[in-house]
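What follows is a single structure, written as structure tokens, with notes after it.
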Protein chains: 4
Amino acid sequence: MTGKDEVAGGARAQPRRQLRGQQRIELILHAAAAVFARDGYDSATTNAIAAEAGISPGSLYQFFKNKGDIAHALADHYAAQLTALRGEVFTIDSVFDASLPDLVDAVLGPLVAFNLAHPGFKAIFARTDMPVGLREAVAPIQVSIHQSVAQLLGLVLSDRQPDEVARVATVAIQLVRGMVPLITDATGTERDALTAELRSVLLGYLRQQLT
Amino acid sequence: MTGKDEVAGGARAQPRRQLRGQQRIELILHAAAAVFARDGYDSATTNAIAAEAGISPGSLYQFFKNKGDIAHALADHYAAQLTALRGEVFTIDSVFDASLPDLVDAVLGPLVAFNLAHPGFKAIFARTDMPVGLREAVAPIQVSIHQSVAQLLGLVLSDRQPDEVARVATVAIQLVRGMVPLITDATGTERDALTAELRSVLLGYLRQQLT
Amino acid sequence: MTGKDEVAGGARAQPRRQLRGQQRIELILHAAAAVFARDGYDSATTNAIAAEAGISPGSLYQFFKNKGDIAHALADHYAAQLTALRGEVFTIDSVFDASLPDLVDAVLGPLVAFNLAHPGFKAIFARTDMPVGLREAVAPIQVSIHQSVAQLLGLVLSDRQPDEVARVATVAIQLVRGMVPLITDATGTERDALTAELRSVLLGYLRQQLT
Amino acid sequence: MTGKDEVAGGARAQPRRQLRGQQRIELILHAAAAVFARDGYDSATTNAIAAEAGISPGSLYQFFKNKGDIAHALADHYAAQLTALRGEVFTIDSVFDASLPDLVDAVLGPLVAFNLAHPGFKAIFARTDMPVGLREAVAPIQVSIHQSVAQLLGLVLSDRQPDEVARVATVAIQLVRGMVPLITDATGTERDALTAELRSVLLGYLRQQLT
DNA sequence: CATGAATGAGGGTTCATTCAT
DNA sequence: GATGAATGAACCCTCATTCAT
């Protein structure tokens, strides 16, 4: 037992340190997200992230072993928040007998909102060609997201083979990944219109899966 | 008698030279496409492209003034081929009264084939966050593609406003951009299945635009 | 107790850091001067400067943004020292009613000594054709030197038009610029003899301006 | 006997070739002079010289083994013309009993005219810090020029030791070298004024040598 | 001999990462 | 732990020089 994620354990040992460290990590991740969003992952420099975080480059490497590791941690960070999102969707009363439009709306609304609130997210997730360091970092999270979506889709595609459901999940995710940058880059009514289109796309696609 | 440029013995400048130059350019573009596809645009180095082409770094710069210029030329190269593709689609007899499925098939088949044949294409086109040098290189082609698609969609969405057609075109392109990497990365039946899904996505989406 | 910055214990930011930085800058400038003197400005490489300074190439760029910037800083460095020299000359009691020979001696002695002590000086200043980066770097200092000399000459050529004084200053500077490399390249009695010749040149020239 | 500079030998063997070769060499030297004058020796590229000459880079190396060799040949070229100049000065009737001003004028006028007519001259001669390749190229000519000047000065400084005359020659040359760029860069009356100043400098200097 | 494409060593510069303080 | 100066490999690009045609 390494004592890493004890659930009920109060503050023991060096609470101050761990706390500061955790704060520091979040500070860095926040900065990294901002820089990734601003410059793109490849063009983002670790020095720029440190500067954005108001810390020294050396401190960055106290918590992360390299640039890819920052992306990895950031991916984990987002994964946790998405898991929370998933929890909310799944706790919707009607999820098990919801209509398809309701289901899509239930997922899409929070998802778009999430992307707008976290511009760093798409900077590391919504890419079609990932550099080596980044792919490894986000791969586990991709899987996790895929599982969530597949699970959700399993509810409405209950008569399909698991591999078929998996594929539909893959496709649905990819559609969203493709559209989200368009949506977040747009503003005002155009953004709303594009969001509506994405909804339409997903509905159109999934409806055909039901027949 | 090489039987190559013996047509009429006119006073054409340096056919041999220009020919070699053109061949060289295509050699480089081919190499660049391979390296972009393998490493991604950002990670691709000009030295790696030169090595892939079996030439020296300096030779690259006889034809291209920098890395972005190579991307630009490659984009033009693809644009020309896509224009040819478009020509074929538009010359289909039934294009003006084709059914939606036929139209989608007419476009999608060649498009997927094109992407499979040219793995470098998606490396420079199917990105959501482009570095500055790349964006400038591909922007004109993006516009050209969008126009072609919008023109095609205008045929089936003849009662819609131009800006709506434009948006549908944008969305359709983005859907394809998102799905293509998935398709080209897959193999065998999975690839076929994903291609079918993309077809389904587009059909589902466009059908809803018709109502 | 290092006995260096223990003056009053004020809240000065990072004296150690800044000190090291300042030392480093001077180390680099010293190395640059040596390399410029040895290889000439154009042939001098930033890597050679770094090697001469015993540091890594990257460290240069922590302090200077490019090669021209090093030349610029070196020019400023020399300018400051020349300003000090000028101060000494001007504080000579008899400057306002000095004889021409005394005045020339008062300037020339320190100037030659300065050039001997700083071989990098002539490498960036005593050139007739400057590359672009270098010209920009030294231009301000050229102007400053010219002003100083013109001011001094104005004392002995009080009845001449300003533009004439300016021209005499230009010529005098150019004569020194031309002769200094000769002097510094020579050794022993030959150097002394050449210095005496320069003195003779200036005296002969300026005397004619007085008549 | 290598048959290189046969004085009276008419055109034998391959007159056409040698002629063309000689023309080519002069073409290149002319171009090199222009490029050296425009860009400076260091920044001048052999490709730029070839382009200026309207020939291929490869042809350049048929006649010159490297960049320094071009400078060397150009220096020889100028040396020959200066020798002709010297011949004219020496054939002046009164050279042996001319007054100092007349002598200076006799030399300076043609010299300034020569520099104005051949802007490439100062680009390779009027430098205080020469890159390795250039120094070797111009050194022999420097010596030759020095000898001519010393010879001329020997006429007016007949009672001085040879080494003293040599030094005066060195200084006089250096004064001219320093001033010429100033003069050629200036235009109109300012150029005339600076030329007059140079005359004054030389006269002032040499007069003091006579006493 | 002329050509000009090809070469490749090397230059200036950047930046992920380390380490003395 | 924190710092930020230092590192140095590697990048893009240039250009003197060569060589197949």
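Just so we're on the same page: letters track the sequence lines, and every chain starts at 1. Only a predicted model underlies this, so the values are computations on that prediction, with no experimental measurement involved.
Atom CG of A/Leu27 and atom P of F/dG1 are 16 Å apart (whole Å). Atom CD1 in A/Ile49 sits roughly 16 Å away from atom P in F/dT3 (whole-Å rounding). C/Phe63 places its CZ atom 13 Å from the C1' atom of F/dT7, with the value rounded to the nearest Å. At whole-Å resolution of the value, CG in A/Asp39 and C1' in E/dT14 are 15 Å apart. The CG atom of D/Asp69 sits 16 Å away from the C1' atom of F/dT18 (whole-angstrom rounding).
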Strand DNA chain E as a dot-bracket string - pairs counted if Watson-Crick or G-U with both distances under 3.5 Å, | where the partner lies in another strand
.||||||||||||||||||||
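OP1 or OP2 of E/dA5 lies within a sub-4.0 Å distance of a side-chain N or O belonging to B/Gln62. Contact annotation: B/Arg24 does not reach the phosphate of E/dG4 (side-chain N/O to OP1 or OP2, under 4.0 Å). For F/dT7, the OP1/OP2 oxygens have a side-chain nitrogen or oxygen of C/Ser56 closer than 4.0 Å.
Every pair passing side chain to side chain donor-acceptor pair (under 3.5 Å) that includes a residue from residues 47-57 of chain C is listed here, sequence neighbours excluded: C/Arg38-C/Glu52, C/Ser56-C/Ser59.
Shown here are the side-chain contact (heavy atoms from CB on, under 4.5 Å) partners of D/Ala33, two or more places apart in sequence or in another chain: D/Leu74, D/Tyr78. With sequence neighbours excluded, no residue forms a side chain to side chain donor-acceptor pair (under 3.5 Å) with B/His30.
Within 4.0 Å of A/Phe64, counting heavy atoms only, lies no atom of the nucleic acid at all. Contacts of A/Leu60 with the nucleic acid, taken as non-hydrogen atoms under 4.0 Å apart, are absent.
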What does nucleotides 9-15 of chain F look like as a protein-contact string, B for base, S for sugar-phosphate only, - for none, at under 4.0 angstrom between heavy atoms?
--SSBBB
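With a 4.5 Å cut-off on side-chain heavy atoms, D/Thr45 and D/Ile49 do not count as touching. Contact check for B/Lys122 versus A/Asp129: no side-chain heavy atoms found under the 4.5 Å cut-off. Contact annotation: the side chain of A/Phe64 never approaches that of A/Thr46 to less than 4.5 Å [non-hydrogen atoms, C-beta and beyond].
Rounding to the nearest 0.5 Å places CD1 of A/Ile124 at 14.5 Å from CZ of A/Arg135.
Of the possible polar contacts, none joining the C/Ser43 side chain to the D/Pro131 backbone as a donor-acceptor pair under 3.5 Å is found.
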Between side-chain atoms of residues 66-73 of chain C and protein atoms elsewhere (two or more places apart, or another chain), which donor-acceptor pairs fall under 3.5 Å?
from, atom 1, to, atom 2, distance (Å)
C/Asn66, OD1, C/Gly68, N, 3.1
C/Asn66, OD1, C/Asp69, N, 2.8
C/Lys67, NZ, C/Tyr41, O, 3.1
C/Lys67, NZ, C/Asp42, O, 3.2
C/Lys67, NZ, C/Ala44, O, 2.8
C/Asp69, OD2, C/Lys65, N, 3.1
C/His72, ND1, C/Ala137, O, 3.4

